[in-house]
Amino acid sequence: MQLWTHDRARFPLPPRHRFPLAKYSLLRRRVVELGLAAPEEIHETEPVSWTLLERVHDGELLRRIRVGELSVREQRGLGLPWSPELVERGLRSVAGTVAAAHHALTHGVAMNLGGGTHHAGRDFARGYCLFNDVVCTLAELRAGGLAQRALVVDCDVHQGDGTADLLGGDPDSFTLSLHGARNYPFQRIPSDLDVDLETGTGDADYLEALDRALDEALERSQPEIAFYLAGADPWEGDRLGRLALTKRGLRARDELVLDRLRAAGAAVCVVLAGGYAEDVRDTVDINAATAAVVAARHGGEGNRTPTSALQRPRAPVITTPPAGSQG
Ligand SMILES: [Zn+2]
């Protein structure tokens with residue numbers, strides 16, 4: 001399977017910063033070890049042009065980012081120290097989502113080993129997110145006449161406020177966000193459908209809520225292209241999440257989302273979004289499992305004829321795993 005990465009684009013971070021810069025290279029290595037992609041199938045992206053970003057983001061914000069003139073308040077909100085390397089990495093991250101989306105339109109599904117920077121809005125860049133890769137990609141697809149109707153399924157544990165800001169009022173897109181009710185961002189910009197989950201929500205309740213939300217989102221959006229933010233931070237061991245999903249539950253989540261979206265006839269572009277486990281290898285486990293779910297569904301045709309609602313896959317029932325089984 002073809003994949004996209006920007007893992008070698010690193011940037012200076014203070015010691016013990018929570019941003020998991022190490023995860024991207026570890027994930028690239030892991031997907032090769034698992035046989036999900038050959039080394040030459042993992043493509044390093046080139047930075048996108050500023051013109052592409054200008055379709056989506058405020059020009060003055062982009063200027064401040066480009067020249068390093070974010071205010072102190074903006075710097076604090078972003079949570080990452082500005083550097084030319086940070087900006088270049090952001091441009092490469094968007095490029096990975098653009099490339100994966102194009103690939104998804106011809107192969108049904110595809111994945112960027114990065115992206116999902118959903119806290120970036122029209123004139124703000126916060127919560128570790130410089131540019132909104134998903135909305136920039138949608139704008140690019142539309143400009144090329146490749147897709148119009150879109151659905152964003154945001155399963156990062158934090159609400160997708162930047163995406164909601166950018167796509168609010170767009171009649172041809174639908175934003176769904178499932179997140180911890182008592183989590184960042186504390187001032188929300190409403191999605192088309194927000195599902196607030198109580199602290200401690202586990203696998204079964206999560207999957208049921210997701211399945212129900214997908215019913216409504218698919219019914220209302222009829223998407224040609226779907227973006228799936230497969231955040232690793234709903235995991236029970238995450239430092240920033242407040243939910244209690246197991247690794248097994250997260251994998252069931254990925255399967256449910258992919259199968260429902262594909263059955264509805266949408267091409268699916270998968271991006272990583274957040275993941276802040278104490279040990280970065282746990283985040284890599286979760287991201288690699290997502291890649292395995294994508295690989296298992298990759299290689300078919302692009303958009304398929306929607307199957308009957310009666311035939312669509314349902315949420316799997318989660319039972320207690322046998323002793324000794326993994327996570
Ligand atoms: Zn998150």
Side-chain angles (χ1 to χ4, degrees), residues 13 17-24 27 76-80 86 89-90 93-94 96-97 111-121 124-135 152-167 175-191 193-202 206 209-210 213 227-247 249-251 253-254 257 269-280 282-290:
L13 269 180
H17 193 284
R18 265 193 299 221
F19 188 82
L21 199 47
K23 115 178 146 175
Y24 300 87
L27 177 59
R76 202 177 299 135
L78 179 59
L80 299 172
L86 176 75
R89 182 178 184 280
S93 170
V94 175
T97 303
M111 183 171 182
N112 178 19
L113 300 180
T117 38
H118 60 163
H119 299 307
F124 56 86
R126 60 192 183 207
Y128 303 164
C129 300
L130 214 44
F131 313 118
N132 195 306
D133 59 309
V134 161
V135 181
V152 179
V153 178
D154 188 339
C155 287
D156 187 275
V157 84
H158 304 101
Q159 195 252 357
D161 56 344
T163 309
D165 176 55
L166 289 165
L167 294 180
T175 51
L176 162 63
S177 177
L178 260 87
H179 46 258
R182 295 183 54 225
N183 221 326
Y184 178 94
F186 301 105
Q187 283 185 325
R188 304 277 170 84
I189 297 167
S191 312
L193 179 56
D194 280 311
V195 180
D196 287 293
L197 298 165
E198 289 310 311
T199 297
T201 296
Y206 183 97
L210 173 60
F227 296 91
Y228 172 39
L229 283 74
D233 47 14
W235 183 53
E236 55 192 348
D238 195 89
R239 283 177 295 174
L240 300 187
R242 289 168 172 271
L243 302 185
L245 274 73
T246 64
K247 290 181 183 176
L250 287 165
R251 192 183 175 110
R253 172 198 72 169
D254 295 340
V257 172
C269 174
V270 183
V271 295
L272 290 189
Y276 309 93
E278 190 71 52
D279 185 339
V280 71
D282 286 313
T283 302
V284 171
D285 285 349
I286 295 163
N287 293 155
T290 303

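Each ligand, and each atom within it, is numbered from 1 in the order the structure gives.
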> D154 and H179: side-chain contact (heavy atoms from CB on, under 4.5 Å), yes or no, with the steps?
Replying inline: CA-CA 8 Å; D154 188 339; H179 46 258; over 6 Å; no
> Is the closest basic N to carboxylate O distance between D285 and K247 below 4.0 Å?
Replying inline: yes
Student check: side-chain heavy atoms of [X] and [Y] closer than 4.5 Å:
| X | Y | answer |
| --- | --- | --- |
| F227 | H118 | no |
| L272 | M111 | yes |
| R188 | D196 | yes |

>> Within less than 2.8 Å, report the number of protein N/O/S atoms around the Zn ion (ligand 1).
In response: 4
>> Can you classify the ring geometry of H158 versus H119 as parallel (below 30°), tilted (30 to 60°) or perpendicular (above 60°)?
In response: perpendicular
